[in-house]
Amino acid sequence: MTKVDMHIPGKSDLDVSFDGSRKIHQEAPFERYISRKVAGLEHSGWALSPDDTGFDPNDALVFDDFVAWLEATAPEKLDKMRREKGARWADQLKRALVKSLERNGTVLTLRKGFQMAGYQTIECMAGYPDDERVPGARERYDANILRFMHQVLALP
């Protein structure tokens, strides 16, 4: 198939075949297109993963992102967890998160967080602040991590 340069100033670069069909509707070109767009947003809370490094296929999580978010927004809870639970703190936190995701679903877990005995509610995200005067609201919102990941391999 012959490729034709269809670059139009001010428009994004897309692969177009000789028959005029846009290949952005195919998975790999679509991923590359999104990657280029996300790469320009890295300072806005977006993270780009060119592969599935850090992704746990058993739990469908990038747990390190969750821990990084908690470090930025609730370091006192993590410190308390590390002191009280020792080397098992991460495993217990992950199990509580996965349990909430399985029981309550992704959206409710993100919006409401989940309970963990001795730590009250563990929040999973911060919404856009309704009132900028609330101390720390904007910083918590800015700490959100949105990740675009290429081709996650599914379990057999």
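Throughout, residue positions are numbered sequentially from 1 according to the sequence presented.
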### 4.5 Å side-chain heavy-atom contact, Y141 and M125
no
### Query
Can you check whether R83 reaches W89 side chain to side chain, under 4.5 Å on heavy atoms?
no
#### Entry: E84 atom CD: more than 12 heavy-atom contacts under 6.0 Å
yes
### Query
Does the pair I122 and Q115 meet the rule for a side chain to side chain contact (heavy atoms under 4.5 Å, CB included), with working shown?
CA-CA 6 Å; I122 305 290; Q115 300 295 314; over 6 Å; no
### Query
How far apart are the closest heavy atoms of A96 and F114, and which atoms are they?
CB-CE1, 3.6 Å
### Query
Hey, what's the ring geometry for F63 with F66, parallel, tilted or perpendicular (30° and 60° as the breaks)?
tilted
### Task
Answer whether the closest heavy-atom distance between the side chains of C124 and L97 falls below 4.5 Å.
yes
### Message
Let me check something: do M116 and V98 share a hydrophobic cluster, defined by ILVMFWY side-chain heavy atoms less than 4.5 Å apart, either directly or through other members?
### Response
yes
### Verdict with reasoning, D65 to F55, per side chain to side chain contact (heavy atoms under 4.5 Å, CB included)
CA-CA 10 Å; D65 282 355; F55 179 77; over 6 Å; no
### Task
Please name the pair of heavy atoms, one in L70 and one in E123, separated by the smallest distance, quoted to 0.1 Å.
CD2-O, 3.6 Å
### Query
Do any pairs count as a side chain to side chain donor-acceptor pair (under 3.5 Å) and have a residue in residues 70-80, sequence neighbours left out, and if so which ones?
E71-R82
### Query
Do D59 and L101 come within less than 4.5 Å of each other through their side chains, counting heavy atoms only?
no
## Note on the structure
One should read off an interatomic distance between L61 CG and K94 NZ, to the nearest 0.5 angstrom, of 6.5 Å
### Query
Would one find more than 12 heavy atoms of other residues, nucleotides or ligands at under 6.0 Å from atom CZ of R88?
no
## Note on the structure
Rounded to the nearest 0.5 Å, the NZ atom of K37 sits from the CG atom of L48 at a distance of 14.0 Å
### Summary
Nearest heavy-atom contact between D51 and T53 is OD1-OG1, 2.7 Å
### Query
Measuring from W46:CH2 to N144:CG, what's the distance to the nearest 0.5 Å?
11.0 Å
### Task
Evaluate whether atom CG of D130 has more than 12 neighbouring non-hydrogen atoms of other residues, nucleotides or ligands under 6.0 angstrom away.
no
### Query
Linking I/L/V/M/F/W/Y whenever their side-chain heavy atoms sit closer than 4.5 Å, directly or via other members, would L108 and L110 fall into one cluster?
no
